[in-house]
Amino acid sequence: MTSQPEHMRNHWWWRPGWSVGRRFYTWHLTFGEQHDVHRFAEQYRKALSHIDGLDPIPDQWLHLTMQGVGFVDEVDRVAVDAIVEAARVRLAAVPGFDLTLSTPRIDPEAVLVPVQPDGAVRAVRHAIRSAIRDVLPEVPEASAGFMPHVSVAYSNNNNQLSPLSEALAAVDIPPATARVKSAELIVLHRDNRMYEWTPYVQVPLG
């Protein structure tokens, strides 16, 4: 913990290109029917409920961010559908797998949970990036620096980090397991201080 900053920072600053009302095509792993993940997230929501400056993530919006495609007003719908068809072929060669969420860590802007097996998640992302490369001249976002995780809360101010660290240290919550059988292309927005989306298509793994 010594390398961490003393304060959190607001996750909801407007990143380049984003604004109220703007929508974004992106691939996620989602957890709509994953009850063990919901149990895990709810236990952490309760454990952190007394901490000021956090936006806990409801079950509906729990996700593992995979790979962006682009803003809806910048990517042609024909290209999006072609990416989906390429992804169907490539993801059919990637086996489904069990994902484990265990010990959260504190990022300056979030409480996030690294997931395992890391390699299986990366294989899904590689297939999606290859599908995008099949259609677009460039793949958005760097391939390096990806750290598979599921966040359970976002920071909304610059509060001290120590109360959050103490709250996490005080609980012993059993890990959660999810069965990953598909990847989902969604239309995402952040208008309401939360990542919310409309499903576009769900593509099964092999």
If every non-hydrogen atom of [X] is compared with every non-hydrogen atom of [Y], which pair is closest and at what distance?
X    : Y   : answer
A167 : I51 : CB-CD1, 4.1 Å
I173 : Q43 : CG2-OE1, 3.2 Å
L62  : A41 : CD1-CB, 3.7 Å
S182 : L29 : O-CD2, 3.5 Å
A176 : D36 : CA-OD2, 3.1 Å
L136 : A79 : CD2-CB, 4.1 Å

Next item on the list: Verify side-chain contact (heavy atoms from CB on, under 4.5 Å) between Y25 and F71, making sure each step is shown before the conclusion.
Entry: CA-CA 6 Å; Y25 291 117; F71 288 104; over 6 Å; no
Would you check if [X] and [Y] make a side-chain contact, meaning some heavy-atom pair closer than 4.5 Å?
X    : Y    : answer
V121 : V124 : no
V115 : T100 : no
L188 : E196 : no
R22  : E74  : yes
V80  : V78  : no
D134 : E85  : no
I83  : W27  : yes
L205 : V180 : yes

Next item on the list: Kindly determine whether R23 and D191 satisfy salt bridge (Lys or Arg N to Asp or Glu O under 4.0 Å), including the steps that lead there.
Entry: CA-CA 9 Å; R23 301 294 188 263; D191 295 352; 3.0 Å; yes
Checklist line | From CA spacing to verdict: side-chain contact (heavy atoms from CB on, under 4.5 Å), T198, I186 | finding: CA-CA 6 Å; T198 301; I186 61 176; over 6 Å; no
Quick one: does any side-chain atom of [X] pair with a main-chain N or O of [Y] as donor and acceptor, under 3.5 Å?
X    : Y    : answer
R90  : R88  : no
D52  : N159 : no
T30  : G32  : no
Q34  : R179 : yes
N10  : W12  : yes
R122 : F146 : yes
Q67  : P140 : yes
S155 : R9   : yes

For the [atom1] atom of [X] and the [atom2] atom of [Y], what is their distance to the nearest 0.5 Å?
X    : Y    : atom1 : atom2 : result
H7   : L164 : NE2   : CG    : 13.0 Å
R45  : D59  : CZ    : CG    : 4.5 Å
S19  : R190 : OG    : CZ    : 10.5 Å
E184 : L64  : CD    : CG    : 13.0 Å
I128 : L91  : CD1   : CG    : 5.5 Å
R125 : M66  : CZ    : CE    : 7.5 Å

Would you say the ring centroid of [X] lies under 6.0 angstrom from that of [Y]?
X    : Y    : result
F24  : W197 : no
W61  : F31  : no
Y195 : Y154 : yes

Next item on the list: Give me the other members of the hydrophobic cluster that L112 sits in, counting Ile, Leu, Val, Met, Phe, Trp and Tyr linked by side-chain heavy atoms under 4.5 Å, directly or via other members.
Entry: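 The other cluster members (ILVMFWY side chains, heavy atoms under 4.5 Å, direct or chained) are M147.
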Checklist line | Hydrophobic cluster identity match, V111 and V171, side-chain contacts under 4.5 Å | finding: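 Yes; tracing contacts between hydrophobic side chains, which count when under 4.5 Å, links both residues.
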Next item on the list: Indicate if W13 and L54 have the same hydrophobic cluster label, given that clusters are the connected sets of ILVMFWY residues with side-chain heavy-atom separations under 4.5 angstrom.
Entry: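 No.
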Check: For V69 and Y200, what are the C-alpha separation, side-chain angles and deciding distance, and is it a side-chain contact (heavy atoms from CB on, under 4.5 Å)?
Finding: CA-CA 13 Å; V69 177; Y200 189 86; over 6 Å; no
Margin query: Show, in sequence, the C-alpha distance, side-chain angles and deciding distance for I57 and M194, and conclude whether the side-chain contact (heavy atoms from CB on, under 4.5 Å) test is met.
Written below: CA-CA 8 Å; I57 302 172; M194 188 60 58; 4.1 Å; yes
Check: Does a side-chain N-to-carboxylate-O contact under 4.0 Å join R15 and E109?
Finding: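 Salt bridge flag = yes for E109 with R15.
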Next item on the list: State, without any angle test, whether D55 and N156 hold a side-chain donor-acceptor pair at a distance under 3.5 Å.
Entry: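 Yes, N156 and D55 have a side-chain donor paired with an acceptor closer than 3.5 Å.
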Item checked: Crowding at NE2, H126 (>12 non-hydrogen neighbours, <6.0 Å) ->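 Atom NE2 in H126 is not crowded, with 12 or fewer foreign heavy atoms closer than 6.0 Å.
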